[in-house]
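For reference, the structure is listed below as structure tokens.
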Amino acid sequence: MGLLVANKVSVWRGTGPGRREVVRGVSLEVQAGELFGLLGPNGAGKTSLVSVLSGLEAPESGSVYLEGRPLAAAAAGRVGLAPQDLAFYGTLTGRENLRFFGRLHGREGAELEARVGDLLNSVGLVEAADRASAGYSGGMQRRLNLALALVSDPAIVFLDEPTVGVDPQSRNLLFSQVRRWNEAGLTIVYISHYMEEVRELCPRLAIIDHGQIVACDRVEALLAREHGTLGVRLEGGLPAGLEERLGLVPLPGPADGWQRWRCQDPAGVAPEFLRAAESAGCRVSALETQPPDLQQVFLGLTGHALRDE
Amino acid sequence: MNKTVSRSGLLSALWRKEWQLLVRDPRALGLLILLPLVFILVLGVLLGEGFGRKADDRVRMSVVDLDSGLDFEGKSWGHWVREDLRQTQDIVLEMLPDLETAEKLVASHQRAAVLVIGGDFTRKIQNCSFLSDGINPFIRDGVAMARVDTRMIKDPRQIATAGIMEQVAQVSLLRVVLPYMIGKAFERLSDPDFIDILARNVNLPVPPTLKIVLRKEVVTLSELLAMASVGNAELERELRRKAGIGVQKSITTQFSRYNLLGKTWATLTRSQGAGVAQESVYVDEAGHGLFNRGAARYQLLVPSYTVLFSFLLVMLVGSVVVAERREGTWQRLRLAPLTPGLLLAGKGLPVLAISVAQGGLLLLAGKVVFGMRFGPDDMALAQQVAQLVPVVFCVSLAATGLALLAATMARTELQVALFGVLPALVLSLLGGCVLPTELFPESSRWIASCTPQGWALLAYRELLDPDPSSLPSLATVGRGCLALCGFAAVFFLGAWWNLRRAWHGRPG
């Protein structure tokens with residue numbers, strides 16, 4: 001059994017005629033030590049699902065288990081949350097924020113100071129630790145938000161859109177820190193609508209759309225469901241039967257001199273394609289291959305692009 | 001592995017954090033003290049000395065009595081003028097200590113007029129007489145005041161009121177002077193001098209049988225009395241005295257509804273005054289100096305605004321809680337091992353401490369800056385303070401409760417204003433913080449007892465009575481404190497209920 005298990009979780013929002021189901025019978029399982037991604041466009045229900053999975057909100061139906069026990073019965077502090085909106089006291093310094101939430105989770109004295117020091121160090125805020133956090137840059141505030149999620153030494157931590165408003169440098173720092181925490185054994189659920197981030201960080205992920213999990217698998221397995229593209233600039237005609245033999249499906253495209261095909265493994269097919277074209281007297285002046293990506297996976301699963309909404 | 005956290009540890013963490021947040025905004029803390037002080041100062045300087053008292057429909061007759069003489073019944077005639085005014089219906093008699101005060105009050109338009117009874121008043125009254133050598137005090141309008149050493153000091157800006165007061169004074173003077181003069185004149189009827197005059201002027205016809213003896217057609221009463229006493233001078237004086245008494249008796253019988261020998265209006269007219277008017281001694285309640293230090297109105301203004309601003313703490317607490325929700329720290333708190341009760345205690349206690357400090361500092365400023373008293377003059381300061389402390393605490397408790405209730409209801413700053421500030425202001429208005437309940441219509445005063453502010457002011461005003469000799473009723477103060485605790489309990493319960501609902505779904 002996974003560290004975190006959700007069974008047919010539903011969440012409703014609003015009242016009266018406007019009442020709607022924003023999370024629709026979601027079931028998923030996160031294993032201990034996993035860096036799990038939750039990918040979905042804005043408004044897909046990610047944050048509502050995280051509210052239930054982190055214990056902030058009880059589901060209207062369904063159940064959530066943490067470490068084999070109902071989440072409501074789990075000890076406080078076993079779940080860490082770095083909410084999408086920054087959540088700390090701006091008039092307090094970074095160190096004071098960490099100390100306060102550390103105390104709330106039972107840490108005191110030298111142990112508390114050591115934990116606060118470790119977290120400040122890990123998110124690169126040692127120098128700014130004693131400045132009012134409202135004066136931090138966007139990236140620093142995001143990092144403090146992240147550190148606060150870990151101060152209780154949780155079993156699992158939810159990072160909800162942790163890179164919103166963060167510059168590339170801070171983003172890379174944040175990624176490497178997330179990886180280090182995961183390598184140290186922390187279970188992390190990384191929630192984002194950025195496909196690249198989830199693909200870069202998470203070996204396994206769930207794709208959510210309109211409140212439903214439309215796919216949940218390892219990244220490779222998800223990508224294997226989709227086709228990449230092979231594109232060439234050709235002079236002359238292709239040998240007959242090549243498309244069928246190599247499993248190429250022609251794609252309509254712009255009149256830019258390129259011909260494109262969908263195929264399962266464009267990089268693997270390309271040498272065979274070149275050989276066949278050469279032997280048939282065709283000249284290939286340019287060739288490009290594009291492996292399948294999560295955008296295509298999402299498109300294939302939902303019928304619309306990830307950033308449509 | 002996560003640790004079990006003790007309640008005391010959680011509370012300590014919350015208090016420390018709340019305190020850190022509050023002290024990081026010293027301007028807000030300073031305003032909590034400064035703003036009420038400015039209000040009190042401005043109102044204290046602007047409002048008149050009668051602030052907080054219902055306007056009296058009766059005429060206030062201010063009198064300075066400098067009369068040091070002694071006469072009728074061993075008292076001065078000034079005393080009898082005051083007594084007459086005191087017994088006059090719809091008059092409030094106010095005694096001023098000296099001429100300087102009277103002149104100051106009129107010059108500053110605080111009194112329309114003052115009746116001054118001079119030091120020679122009794123001697124002058126003694127000299128008033130219907131006889132030609134006596135003082136005739138009467139003129140067309142009543143008593144010529146200057147002739148009996150009295151005068152009115154009048155404010156030229158309040159001619160109408162001063163005129164009414166002068167008429168009141170005239171009537172009283174007439175009621176004092178006239179009976180005295182009539183009584184004195186009636187006593188003179190048995191005087192030998194008067195009988196002489198009478199005897200000389202009464203001519204009686206001589207009966208025919210005596211005409212031969214007397215050889216006169218008419219004879220005077222004087223001659224008859226001389227004949228009756230047959231040359232005995234002693235007997236003649238006795239007969240004259242009896243004649244005088246006879247005249248007195250005749251007149252008394254004829255005018256039996258009056259006692260013409262009585263020297264006061266009551267005995268002359270055989271009637272008693274209503275005796276309903278009040279006499280008060282003037283006390284300078286206006287204060288002195290730039291801030292009118294010591295003015296009686298501060299005894300009302302300071303507690304009123306201390307109470308009002310205690311309840312306006314709702315702004316501070318509400319904005320802190322709304323900010324907590326807005327900044328997302330609310331979510332983090334919900335993930336911590338906190339219960340609604342603990343969170344309330346964690347937020348409430350620092351607020352309570354601030355409220356108590358605010359109340360204490362305002363009262364202290366009231367004493368230091370505005371010269372207010374904490375209780376009766378003959379009570380030790382320590383005892384006065386000891387009686388005030390429970391009231392300050394109970395007011396703060398109720399104010400903290402209301403602040404938390406509003407804060408747990410509000411989701412935005414606008415809602416803080418609607419759920420917190422507006423009700424706090426309305427309750428303060430109904431409770432008598434802005435306008436003392438004495439100025440409410442009689443039928444509406446009960447509303448104050450439906451508000452915590454009303455009970456707070458009841459307790460404060462019992463202890464801070466402007467009368468320096470008034471001993472406070474501790475039972476009244478206790479009732480006020482109990483009611484405040486009751487309000488606090490209801491508010492805290494409401495806040496806990498709201499918070500419990502918001503807490504729904506958090507891990508245990």
Side-chain angles (χ1 to χ4, degrees), chain A residues 11 47 50-60 64 66-67 69-93 96-97 99-108 111-112 132-134 141 145 148-149 151-155 157-158 160, chain B residues 1-29 316 319-343 345-347 350 411 499-508:
Chain A
V11 177
T47 300
V50 167
S51 280
V52 171
L53 297 182
S54 64
L56 280 174
E57 192 177 340
E60 303 223 7
V64 182
L66 180 70
E67 296 172 320
R69 293 198 298 172
L71 184 58
R78 295 300 288 158
V79 178
L81 171 66
Q84 184 173 351
D85 296 323
L86 298 168
F88 51 79
Y89 300 102
T91 49
L92 300 189
T93 65
E96 285 168 342
N97 270 294
R99 275 181 185 154
F100 167 62
F101 287 105
R103 283 192 193 103
L104 281 189
H105 291 284
R107 296 184 186 279
E108 273 299 334
E111 187 200 0
L112 173 67
S133 48
Q141 291 188 339
N145 200 41
L148 285 166
V151 77
S152 67
D153 196 11
V157 66
F158 292 88
D160 192 359
Chain B
M1 202 63 201
N2 297 78
K3 298 184 167 191
T4 308
V5 194
S6 68
R7 281 167 182 264
S8 58
L10 289 169
L11 280 176
S12 151
L14 284 169
W15 292 338
R16 206 183 303 197
K17 183 264 292 182
E18 293 295 338
W19 186 250
Q20 282 175 327
L21 290 178
L22 289 167
V23 295
R24 295 285 154 86
D25 194 357
R27 196 179 295 179
L29 279 183
L316 181 75
S319 60
V320 165
V321 173
V322 165
E324 190 110 61
R325 288 181 193 275
R326 192 183 50 228
E327 289 172 8
T329 45
W330 193 251
Q331 291 187 339
R332 290 203 191 283
L333 292 177
R334 286 177 62 197
L335 288 174
L338 287 170
T339 61
L342 275 173
L343 190 62
K347 289 217 167 284
R411 297 288 181 273
L499 206 55
R500 198 170 148 269
R501 287 170 58 206
W503 223 242
H504 178 67
R506 67 164 299 283

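Quick note on labels: first sequence line is chain A, next is B, and so on, each numbered from 1.
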ask   = Got more than 12 heavy atoms from elsewhere within 6.0 Å of CZ, B/Arg411?
value = yes
query = Hey, does the side chain of B/Arg334 reach the backbone of A/Leu56 with a donor-acceptor pair shorter than 3.5 angstrom?
reply =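 Pair found, side chain donor or acceptor close to backbone of A/Leu56.
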Chain B heavy atoms under 4.5 Å from [X]: which part of the residue, side chain, backbone, both or neither?
X: A/Leu86; answer: backbone
X: A/Asn145; answer: both
X: A/Leu66; answer: neither

query = Does B/Leu333 reach the side chain of A/Phe100, with side-chain heavy atoms less than 4.5 Å apart?
reply = yes
query = Does some side-chain heavy atom of B/Leu10 sit less than 4.5 Å from a side-chain heavy atom of A/Leu104?
reply = yes
task = Among A/Asn97, A/Leu148, A/Val52, single out the residue with the greatest number of heavy-atom pairs under 4.5 Å to chain B.
result =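 Between A/Asn97, A/Leu148, A/Val52, the count favours A/Leu148.
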Of B/Glu327, B/Gln20, B/Lys17, the residue whose pairing with A/Tyr89 passes side-chain hydrogen bond (donor to acceptor under 3.5 Å, both in side chains) = B/Lys17
Please report the closest heavy-atom contact between [X] and [Y], naming both atoms and the distance.
X: B/Arg332; Y: A/Pro83; result: NH2-CD, 3.7 Å
X: A/Leu81; Y: B/Leu335; result: CB-CD1, 3.6 Å
X: B/Ala336; Y: A/His105; result: CA-CE1, 3.6 Å

query = Hey, mind stepping through A/Glu96 and B/Arg24 against salt bridge (Lys or Arg N to Asp or Glu O under 4.0 Å) and telling me if it holds?
reply = CA-CA 12 Å; A/Glu96 285 168 342; B/Arg24 295 285 154 86; 2.7 Å; yes
request  = Working to the nearest 0.5 Å, report the span between CD of A/Glu108 and OG of B/Ser12.
outcome  = 6.5 Å
